[in-house]
S.K.: 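My questions will all concern the structure given below.
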Amino acid sequence: MTLAIGDAEKRLVVEVRTHDTLIIVGETGSGKTTQLPQFLFNGGFCDGGKVIGITQPRRVAAVTVAKRVAEECGVELGQKVGYSIRFEDVTSRSTRIKYMTDGLLLREALLDPFLSRYSVIIVDEAHERTVHTDVLLGLLKDVQRARSKYNTTQNNSDKVNGNCSAISGKEGITHSPSYLKACQGAKFFPLKLIIMSASLDARGFSAYFGGARAVHIQGRQYPVDILYTYDPVRDYLNAALITILQIHLEEGPGDILVFLTGQEEIESVERLVRERIRHLPLSSQNVVTVSIYSSLPSEQQMKVFRPPPPGCRKVILATNIAETSVTIPGIKYVIDPGVVKARDYSAKTGLESLVIVPTSKAQALQRSGRAGREGPGKCFRLYPESVFFELKDSTLPEIKRCNLSSIVLQLKALGIDDIIGFDFMDKPDRDSIKKSLEQLIALGALTDEYKLSDPVGQQMSRLPLDPIHSKAIILATQYNCLEEMLITVSMLSVESIFYSPHDKLEEAKVAWKRFSCLEGDHITLINVYWASVEFIEKNKIKDGRVKAIEGNLKKWCRENFINNRSLRHAQDVHSQIRGHVQQMGLTVNSCGDDMLQFRRCLAASFFLNAALKQPDGSYRAMESGQRVQIHPSSMISGTKPDCVIYNELVQTSRPYLRYVTRIDPLWLPELAPQYYAAQT
DNA sequence: GAGCACTGC
């Protein structure tokens, strides 16, 4: 069935009433995200104080959509319509339409396993198949099944008899999982599930939900002409350069969006374009280039949204960030080289890598769509059409290519003990699950029987962090350095704190020197944090206005080549985690200048991430045996200590250790005997 | 002596 959203209100409400699960396929611009929740509200789905929840993979989307719907409803944001994302809860008791990130709903499930406030949950952008979306889908399936068991409206078939016994599996596949058992005769209304996807794979979702009904909603996209090359290109950067110039000289007005794989490519193409433009006739030099990628400080990101000077064409060089996360106005031409830098994970070696690979068909479609938002457009794919047909339909779901430790820990905390048997839409590799179980046992989060341990596992699962980071936090009190560890973990869990533009690298290094510590990068991060705190405190005395302090901090960040957005994010994480540990009753103590305590604590918690120097000067990662190098960006890459712990091991051009600190090799058997006793 | 895409709790 295909509908246009404008005249579909009644039909959609009936569809939701008559089907427990509905798949909605809507192209971009169909209005499904903003309209459907309002239809359901008007259709009575919030009667009795029930809530409609809509999940988004990204924070910005949750916020902007909520704002728009509040406006359309003519209500104040946070009242009838609100949103909830990490660090920001703009909802109230009267909120009935609630937008949120899917990760946040997963956290909510830890507190309320039946998600009992929600009458409808809409999972938006499900086609993106993020880890959070995938786990959520499996969970919602269970919750829906369990809630229909304890239904308040049809209580004759399955009477809840008032005790807490698990539901038996005698009804075969329709049984509810034992972790969802209602206590004291608790009763629920049924849960309606709506899965919204932008692409062609409705069948996959439909099959996963037992043949659920699918409805199509028409989009409002302008046509985009797709052009291919005749032959494969050898050098896509050069091909992109030529295409930019060609469009500029031969096509009508309109801005150009070029998809590249990373900062380096963007910087080099930007140089080349500027160079070539200077050699054009003066009348054709009306081009400005701007670039955008995630690690670029936000003031510079903002430049892509500025309209070009009159009569000028804007060329935007972007990474994947422009595919879904940001929408730039004025784009008429898209250049798509057909490649993307993607993270991959091998469960066998536990090695993460970051490699340039071909895009999927869905991704190519998404990219070309960026040319048709305001009018008809053109997309230049820098490969032959035959290559397009050979591309994979869609990108491999993230859950099949990432480390699962934190997901497994979260599922365990939800009471889901059989991870391998959990009903994932795409099952992660068995090896991958096994590996994460082993890691969680080594960290003491799980018992030898694979049960969540008490209190370590329970405490770890409450922290929204990587399990190793959680472990470090929980151990830190014993080493008298919880304050230092809170800062370290906060700084490690945000995107790169250090901003290094290619052309000012030397200048940046000089600036970073004043923070650097020869013992390692973890302490360097602490130094950056303290320096920023000190700067803020000084400014508070001079001029107490918040705006002035923010402005000065931005300047301080610029001067020190620190990413302001990342630093603020780290401050947010810091205060959130601090709140959690205080709730747990841990003492926030500090080791002062005695960093030996701190490094011993790092060894005791990061022991899985230890590496030993080899005679040839390279390192051997102790867990995997992998030969690695310390990343050149590390402050101690020159000193080469005998033994280090690292934050992550990622293969780019070679396998590198990032964020490294020197430890004494004897600490490992002393502080992690369960893991190192036999090996040393 | 080389350089990490994107997102989330």
Side-chain angles (χ1 to χ4, degrees), chain A residues 55-62 84-89 100-111 125 128-136 259-268 292-296 318-326 339-344 352-357 359 363 366 395 398-399 401-402 406-407 409-410 413 460-467 469-470 490 493-502 505 508-509 563 566 569 572-573 576-577 580 617 629-634 637-638 640 647-659:
Chain A
T55 70
Q56 297 288 332
R58 278 172 297 281
R59 295 159 53 101
V60 269
S84 192
I85 58 177
R86 188 182 187 183
F87 312 129
E88 240 184 295
D89 182 15
M100 64 196 131
T101 45
D102 41 21
L104 197 94
L105 186 60
L106 274 180
R107 283 276 153 195
E108 224 178 275
L110 284 174
L111 305 173
E125 312 284 7
E128 290 191 20
R129 303 294 306 277
T130 66
V131 187
H132 286 161
T133 302
D134 273 19
V135 175
L136 191 59
F259 284 102
L260 297 167
T261 66
Q263 178 181 346
E264 232 185 35
E265 282 188 9
I266 288 175
E267 282 173 346
S268 93
I292 183 165
Y293 46 89
S294 85
S295 63
L296 197 68
T319 58
N320 258 5
I321 194 171
E323 228 173 61
T324 46
S325 305
V326 304
V339 283
V340 63
K341 195 180 284 187
R343 196 179 266 275
D344 203 1
E352 288 183 310
S353 57
L354 214 49
V355 283
I356 295 173
V357 294
T359 63
Q363 230 174 344
Q366 174 70 24
T395 316
E398 194 188 358
I399 202 158
R401 51 188 172 87
C402 73
S406 71
I407 290 302
L409 182 60
Q410 214 172 334
M460 282 174 64
S461 70
R462 284 172 62 185
L463 298 174
L465 296 168
D466 181 282
H469 293 172
S470 300
S490 307
S493 51
V494 302
E495 329 72 71
S496 58
I497 286 286
F498 299 104
Y499 169 58
S500 43
H502 197 83
L505 197 52
K509 278 187 179 170
N563 189 324
S566 302
H569 192 178
D572 285 339
V573 176
Q576 190 191 35
I577 306 301
H580 273 117
Q629 305 279 343
I630 296 179
H631 195 280
S633 67
S634 166
S637 66
K640 297 219 172 181
N647 188 57
E648 60 176 353
L649 196 177
V650 181
Q651 161 118 27
T652 51
S653 62
R654 319 159 63 159
Y656 282 115
L657 305 178
R658 290 191 70 236
Y659 291 111

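Naming convention: chains lettered A, B, ... in sequence-line order (proteins, then strands); numbering from 1 in each chain.
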S.K.: Measure from the side-chain heavy atoms of A/Thr319 and tell me the nearest of B/dC9, B/dG1, B/dC6.
M.R.: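 Nearest nucleotide to the side chain: B/dC6.
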S.K.: Looking at every non-hydrogen atom in both residues, tell me the closest pair between A/Asn647 and A/His469 and how far apart they are.
M.R.: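 Minimum heavy-atom separation between A/Asn647 and A/His469: OD1-NE2, 2.8 Å.
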S.K.: Identify which nucleotide among B/dA5, B/dC9, B/dG8 has an atom closest to any side-chain atom of A/Ser294, counting heavy atoms from C-beta outward.
M.R.: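 Ranking B/dA5, B/dC9, B/dG8 by closest atom to the A/Ser294 side chain puts B/dA5 first.
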S.K.: Closest to the A/Ile85 side chain: B/dC9, B/dG8, B/dC4?
M.R.: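 Nearest nucleotide to the side chain: B/dC9.
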S.K.: Check every strand shown and say whether A/Lys640 touches a base, only sugar-phosphate, or nothing at a heavy-atom separation below 4.0 Å.
M.R.: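 If one applies the 4.0 Å heavy-atom cut-off, A/Lys640 turns out to touch nothing in the nucleic acid.
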S.K.: In chain order, what residues pass the ring-ring contact (aromatic ring centres under 6.0 Å, His included) check against A/His132, with sequence neighbours excluded?
M.R.: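 Expected list: none.
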S.K.: Return the nearest nucleotide to the side chain of A/Thr101; candidates are B/dC9, B/dA2, B/dA5.
M.R.: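 It is B/dC9.
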S.K.: Round to the nearest Å and state the distance from A/Arg343 atom CZ to B/dA5 atom C1'.
M.R.: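 So the two atoms are 9 Å apart, to the nearest Å.
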S.K.: Per the side chain to side chain contact (heavy atoms under 4.5 Å, CB included) rule, which among A/Val339, A/Val340, A/Thr261 passes with A/Val357?
M.R.: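 Passing option: A/Val340.
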S.K.: Whole-Å distance between B/dA2 C1' and A/Phe498 CZ?
M.R.: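 It works out to 17 Å between those atoms.
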S.K.: Is there a donor and acceptor pair, one atom on the side chain of A/Arg658 and one on the base of B/dC4, closer than 3.5 Å?
M.R.: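 Between B/dC4 and A/Arg658, which were checked side chain against base, a qualifying N/O pair under 3.5 Å is present.
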S.K.: Starting at atom CD of A/Glu495, determine the distance to atom P of B/dC4, rounded to an integer number of angstrom.
M.R.: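 For the pair A/Glu495 CD and B/dC4 P, the rounded distance is 16 Å.
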S.K.: Would the distance check show the side chain of A/Glu398 and the main-chain N or O of A/Val131 forming a donor-acceptor pair, the cut-off being under 3.5 Å?
M.R.: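 Present.
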S.K.: May I have the distance from A/Leu260 (atom CG) to B/dA5 (atom P), rounded to whole angstrom?
M.R.: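 To the nearest whole Å, that distance equals 11 Å.
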S.K.: Rounded to whole angstrom units, what separation is found between the OH atom of A/Tyr659 and the P atom of B/dC4?
M.R.: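 In whole Å, B/dC4 P lies 12 Å from A/Tyr659 OH.
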S.K.: Which residues satisfy the side-chain contact (heavy atoms from CB on, under 4.5 Å) test with A/Arg107, sequence neighbours excluded?
M.R.: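 side-chain contact (heavy atoms from CB on, under 4.5 Å) check on A/Arg107 returns A/Leu110, A/Gln410, A/Pro464.
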S.K.: Nearest to the side chain of A/Pro464, which nucleotide is it out of B/dC4, B/dA2, B/dC9?
M.R.: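 So the nucleotide nearest the side chain must be B/dC9.
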S.K.: Using a cut-off of 4.0 Å on non-hydrogen atoms, how would the nucleic acid contact of A/Leu104 be classed: base, sugar-phosphate, or nothing?
M.R.: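 Counting heavy atoms under 4.0 Å across all strands, the contact made by A/Leu104 is with sugar-phosphate only.
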S.K.: Just the rounded figure in Å: distance from C1' of B/dC9 to CD of A/Gln576.
M.R.: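 The distance from CD of A/Gln576 to C1' of B/dC9 comes to 7 Å, rounded to the nearest Å.
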S.K.: Take A/Thr261 and A/Leu463, find for each the nucleotide of DNA chain B with the closest heavy atom, and name the residue whose nucleotide sits nearer the 5' end.
M.R.: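 Nearest-nucleotide comparison on DNA chain B picks A/Thr261.
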S.K.: What about A/Glu648, does its side chain sit under 3.5 Å from the base of B/dC4 through a donor-acceptor pair?
M.R.: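 Yes, a donor-acceptor pair under 3.5 Å.
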S.K.: Starting the side chain at C-beta, find the nucleotide from B/dC6, B/dC4, B/dA5 nearest to A/Ile321.
M.R.: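 My answer, after comparing the listed nucleotides, is B/dC6.
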S.K.: Of all the nucleotides listed (B/dC9, B/dG1, B/dC6), which has the minimum atom distance to the side chain of A/Tyr293?
M.R.: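 For A/Tyr293, the side-chain atoms sit closest to B/dC6.
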S.K.: Round to the nearest Å and state the distance from A/Gln366 atom CD to B/dT7 atom P.
M.R.: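 Value for this atom pair: 14 Å.
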S.K.: Measure CZ/A/Arg401 against P/B/dC6 and give the value in whole Å, please.
M.R.: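 Between P of B/dC6 and CZ of A/Arg401: 14 Å.
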S.K.: Which residue, A/Gln56 or A/Val650, contacts DNA chain B at a nucleotide closer to its 5' end, judged by nearest heavy atom?
M.R.: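 Closer to the 5' end of DNA chain B: A/Val650.
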